[in-house]
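A quick write-up on the structure given underneath.
A note on names: the letters A, B, ... follow the listed sequences, proteins ahead of strands, and every chain is numbered from 1.
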Amino acid sequence: MKLLLIHSDYIEYEVKGKAISNPEEISLKKDRLEEALTVFIAVEKNDEKSPRQAVLDATAEIEKTAEQLKAKNIMIYPYAHLSSDLGRPKIAKEILVELEYELKNKDFNVKRSPFGWYKAFKISCKGHPLSELSRDIVPGGKNEEESESLKKERKLSSYWNILTEDGELHEIDNFNFKGHENLKKFSFYEKEKSRAIKQEPAHVKLMQKLEIADYEPASDGGNMRFYPKGRFIKKLIEQYVNRRVAEYGGLEVETPIMYDMDHPTLSKYLQRFPARQYQIESDKRRFFLRFAACFGQFLMAHDATISYKALPLKLYELTKYSFRREQSGELAGLRRLRAFTMPDVHAMVSDLDMAMDEFKVRFDLSLSVLKNIGIQNDDIEMALRTTKDFYEENKEFIVDLVKRLGKPILMETWDERIFYFILKFEFNFVDMSDKASALSTDQIDIENGERYDIKFTDKDGVQKHPLILHCSPSGAIERVIYALLEKEAIKMQKGQKPMLPLWLSPTQVRFVPVKDEFVSDCEKFIEELNSSKYGVIIRADIDDREESVGKKIRDAETEWVPIILVIGDKELESNSFTPRFRDTNFAEKKTYSLDELKEKISENVKDYPQDLLPLPLHMSKRVKFK
RNA sequence: GCCGCUGUGGCUUAGAGGUAUAGCGAUUCCUUGGUAAGGAAUAGGUCGUGGGUUCAAUUCCCACCAGCGGCUCCA
């Protein structure tokens with residue numbers, strides 16, 4: 001990036017005409033700024049490598065000069081002619097906009113002349129020795145080596161180990177991973193960011209084929225559409241997590257999805273990551289879409305009167321949605337999204353002892369939530385991240401966590417605390433492509449109680465800031481679905497039949513009448529199945545299409561329907577049924593009465609959320625979404 | 001965001017500088033069928049979007065969009 005800085009009595013310009021095909025929209029055709037540091041800028045190719053760094057470097061440079069000159073006003077003036085190696089207009093525009101934003105944050109009075117237009121301008125240069133300066137900015141630039149070494153230093157101060165149940169710490173390279181293949185994949189994925197297999201994520205085809213979710217080209221990347229079956233599955237998982245958190249004592253709240261970028265508490269936190277948010281404007285205020293539920297809950301807690309008796313105070317929200325503008329190249333199916341549903345339960349505690357007690361409770365909660373949803377202990381690998389000090393002082397506590405999980409974990413320790421938390425656990429799912437993604441997590445945060453000025457009155461009458469635990473007991477709901485599908489994809493690869501857990505299957509029982517005349521009998525059976533004896537909803541439907549029985553069975557199988565019942569004269573006469581169970585372990589015997597079947601299903605799903613069939617009862621009335 | 005690959009009816013796909021192939025699905029008809037695809041006919045496509053080259057572009061070139069792979073990132 002080339003900068004030409006001119007300390008001027010005034011600068012004024014007037015827009016004349018387009019210089020590129022799609023210039024920036026303009027609000028002001030002409031403008032003027034007195035006593036201004038005018039900054040002529042050309043954004044170059046090498047800025048595109050790290051636009052963010054370019055902005056930060058330029059901001060620092062301009063700030064330095066402005067302070068020397070005691071200039072309060074800054075005019076940013078795009079000026080392509082400074083360089084023969086210009087960057088792409090779109091990026092250049094973004095860089096200028098961000099630069100304006102950064103400078104405004106530093107409390108300068110900033111104006112920016114529009115990008116992509118020919119402009120007439122008048123400038124009056126003060127002419128003193130410092131009034132004309134040129135600068136060449138290479139993002140990271142001369143500091144590149146330094147920041148590289150800084151990075152290395154940080155890497156050096158982060159140690160990766162395997163921690164076993166006996167409390168032994170092992171080097172990753174020397175650890176015998178026999179029987180812990182996924183932990184090996186996960187460890188190397190985390191440490192080296194390397195993986196062996198390269199293929200498209202298996203769940204993408206499945207989510208489409210099963211009509212769960214799909215891409216929506218009319219939206220931004222990472223914003224999915226959910227078909228009836230997908231919404232249904234999502235809804236049940238959401239309900240399940242909600243209930244478990246309620247049992248744990250979480251107080252469910254609802255908070256806004258957008259927040260003022262200039263809010264004093266939030267803006268500091270945000271400044272580090274402004275490019276990663278969705279931003280929207282309302283009147284003259286700028287808002288960002290939340291990337292977690294923390295803000296709303298912290299602001300709520302800030303205004304609350306809290307006694308030590310109320311601790312731990314557990315606030316909970318299932319965010320629909322949280323937004324993160326992940327890099328476009330990072331988006332993949334349901335694994336990584338820009339809009340996602342996130343259960344987020346915070347616990348405010350008085351001190352570290354209470355934090356650690358609570359941490360254990362939530363650890364068990366997370367493990368149990370995942371397990372009951374269908375992600376077993378074998379499917380996840382645990383990572384624990386902490387500081388060296390915390391580890392040294394709390395070895396017993398940490399080893400106890402490993403024992404609770406019952407298998408070795410990956411541990412990362414830092415010499416110094418880098419983030420706002422001192423301890424964090426994650427349960428990671430390792431998929432078919434050896435990629436690891438975090439599901440459940442909990443963290444002990446020692447910064448934000450103070451930052452948000454959340455206070456509780458302790459026994460001694462003194463007001464104190466609580467420590468805050470951040471937990472997502474299941475991880476993003478979309479990601480849970482991703483994990484369930486990937487898990488089934490792995491099964492398919494082994495030649496086993498894939499299926500969703502019975503409680504999550506949109507259709508649990510499919511009735512296949514051998515002739516049209518049996519359709520009404522199927523309807524009666526379904527009614528009978530749902531007679532309220534067990535208080536459980538059994539979701540059954542009827543394939544009344546004009547197809548052969550073979551075809552209907554085949555379609556039910558490809559739809560992963562767990563139980564199929566063919567209905568004809570035999571069934572009507574004997575009043576007994578020969579179910580086709582997708583999960584062969586589920587079958588105890590060959591024939592069942594309707595009551596026995598009802599009991600068997602109820603037994604399996606009674607502890608889970610119940611809801612009605614999300615599709616028409618009759619297959620002939622259904623729509624094909626995919 | 002960067003580099004590379006891909007983009008043909010709802011889905012899967014053949015193909016080529018002269019507006020396009022098949023299967024599934026849909027519709028209609030025949031078949032009333034007992035545990036993974038019964039048969040026939042009909043309809044359905046400005047070949048991702050926008051420019052350029054050409055007598056002619058869906059095909060060649062450029063840009064953009066989307067998806068995938070890799071990198072980076074993941075508070």
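Using a 4.0 Å cut-off between charged side-chain N and carboxylate O, A:Lys388 and A:Glu416 make no salt bridge. A salt bridge does not link A:Lys552 to A:Asp555: none of the charged side-chain nitrogens sits closer than 4.0 Å to a carboxylate oxygen. Between A:Glu447 and A:Arg417 there is a salt bridge, since a side-chain N of the basic residue sits under 4.0 Å from a carboxylate O of the acidic one.
Checking A:Tyr189 against A:Asn428 by side-chain atom types alone, no donor-acceptor pair falls below 3.5 Å. Remark: the A:Glu317 side chain and the A:Thr255 side chain contain an N/O donor-acceptor pair separated by less than 3.5 Å. No donor-acceptor contact under 3.5 angstrom links the side chains of A:Asp344 and A:Ser472, judged on distance only. With hydrogens and angles left out, the side-chain atoms of A:Glu523 and A:His618 include a donor and acceptor closer than 3.5 Å.
You'll find that the side chain of A:Arg554 is closest to B:rA36, out of B:rA75, B:rG34, B:rA36. Nearest nucleotide to the A:Gln327 side chain, out of B:rU35, B:rG1, B:rA75: B:rG1. Nearest nucleotide to the side chain of A:Val549, out of B:rA36, B:rU35, B:rG38: B:rU35. Closest to the A:Lys570 side chain, of the nucleotides B:rC74, B:rG34, B:rC68, is B:rG34.
When heavy atoms are screened at a 4.0 angstrom cut-off, A:Asp555 is found touching no nucleic acid atom at all. Residue A:Glu571 is classed as a base contact, given a heavy-atom separation below 4.0 Å to a base.
Rounded to an integer number of Å, the gap from CZ of A:Arg545 to P of B:rU27 is 10 Å. Rounded to an integer number of Å, the gap from CD of A:Glu211 to C1' of B:rG25 is 11 Å. Between A:Arg225 atom CZ and B:rA66 atom C1' the separation is 13 Å, expressed in whole Å. Remark: C1' of B:rA36 and CH2 of A:Trp560 are 16 Å apart, rounded to the nearest angstrom. Distance, A:Glu546 CD to B:rA26 C1': 14 Å, rounded to whole Å. Whole-Å rounding puts the A:Ile564 CD1 to B:rA36 P distance at 9 Å. Following rounding to the nearest Å, A:Arg290 (CZ) and B:rA75 (P) show an atom-to-atom distance of 18 Å. One atom, NZ of A:Lys93, and another, C1' of B:rG1, lie 17 Å apart when rounded to the nearest Å.
The separation of B:rC64 from B:rA57, taken at their P atoms, amounts to 23 Å, rounded to a whole angstrom. Across B:rU19 and B:rU58, the matching P atoms stand 11 Å from one another, rounded to whole Å. When the P atom is used for both B:rA36 and B:rU31, the distance is 25 Å, rounded to whole Å. The P atoms of B:rA63 and B:rC5 are separated by 12 Å, rounded to the nearest whole Å. Spacing of C1' atoms, B:rC47 relative to B:rU8, comes out at 4 Å, to the nearest Å. Across B:rU12 and B:rU46, the matching C1' atoms stand 23 Å from one another, rounded to whole Å. Comparing the same atom, C1', in B:rG9 and in B:rU21 gives a spacing of 12 Å after rounding to whole Å. Across B:rC55 and B:rG10, the matching P atoms stand 34 Å from one another, rounded to whole Å.
You'll find the ring centres of A:Phe359 and A:Phe425 inside the 6.0 Å limit. The aromatic ring centroids of A:His470 and A:Tyr420 lie less than 6.0 Å from each other. Here A:Phe340 and A:Tyr321 keep their ring centres 6.0 angstrom or further from each other. Side-chain rings of A:Phe429 and A:Phe186 stay apart, their centers remaining 6.0 Å or farther from each other.
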Quick one: the dot-bracket string of RNA chain B, using Watson-Crick and G-U wobble pairs with both distances under 3.5 Å, [ ] for crossing pairs and | for bases paired to another strand.
-> (((((((..(((.....[...))).(((((.......))))).....(((((..]....))))))))))))....

Is there a side chain to side chain contact (heavy atoms under 4.5 Å, CB included) between A:Phe291 and A:Tyr278 once you walk through the steps?
-> CA-CA 9 Å; A:Phe291 47 87; A:Tyr278 278 115; over 6 Å; no

Would A:Tyr452 and A:His302 satisfy ring-ring contact (aromatic ring centres under 6.0 Å, His included), going step by step from the backbone distance to the final call?
-> CA-CA 6 Å; A:Tyr452 283 79; A:His302 167 83; 8.3 Å; no

Side chain to side chain contact (heavy atoms under 4.5 Å, CB included) between A:Ile567 and A:Phe577: does it pass, once the steps are laid out?
-> CA-CA 8 Å; A:Ile567 302 299; A:Phe577 305 84; 3.5 Å; yes

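Comparing A:Glu326 and A:Pro201 along RNA chain B, the residue whose closest nucleotide (by nearest heavy atom) sits nearer the 5' end is A:Pro201. Comparing A:Arg338 and A:Ala332 along RNA chain B, the residue whose closest nucleotide (by nearest heavy atom) sits nearer the 5' end is A:Arg338.
Dashed line: the shortest gap from a side-chain N or O of A:Arg580 to OP1 or OP2 of B:rG34 is not under 4.0 Å. For A:Lys551, a side-chain nitrogen or oxygen approaches OP1 or OP2 of B:rG25 to under 4.0 Å.
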In the 5'-to-3' direction, what one-character label does each nucleotide of nucleotides 41-47 of chain B receive under the scheme B = base within less than 4.0 Å of a protein heavy atom, S = sugar-phosphate only, - = no such atom?
-> -------

Each nucleotide of nucleotides 2-13 of chain B classed B (base within 4.0 Å of a protein heavy atom), S (only sugar-phosphate) or -, in 5' to 3' order, makes S-----------

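Residue-nucleotide stacking is present for A:Phe291 and B:rA75, judged by a side-chain ring centre under 5.5 Å from the six-membered base ring centre and planes under 30° apart.
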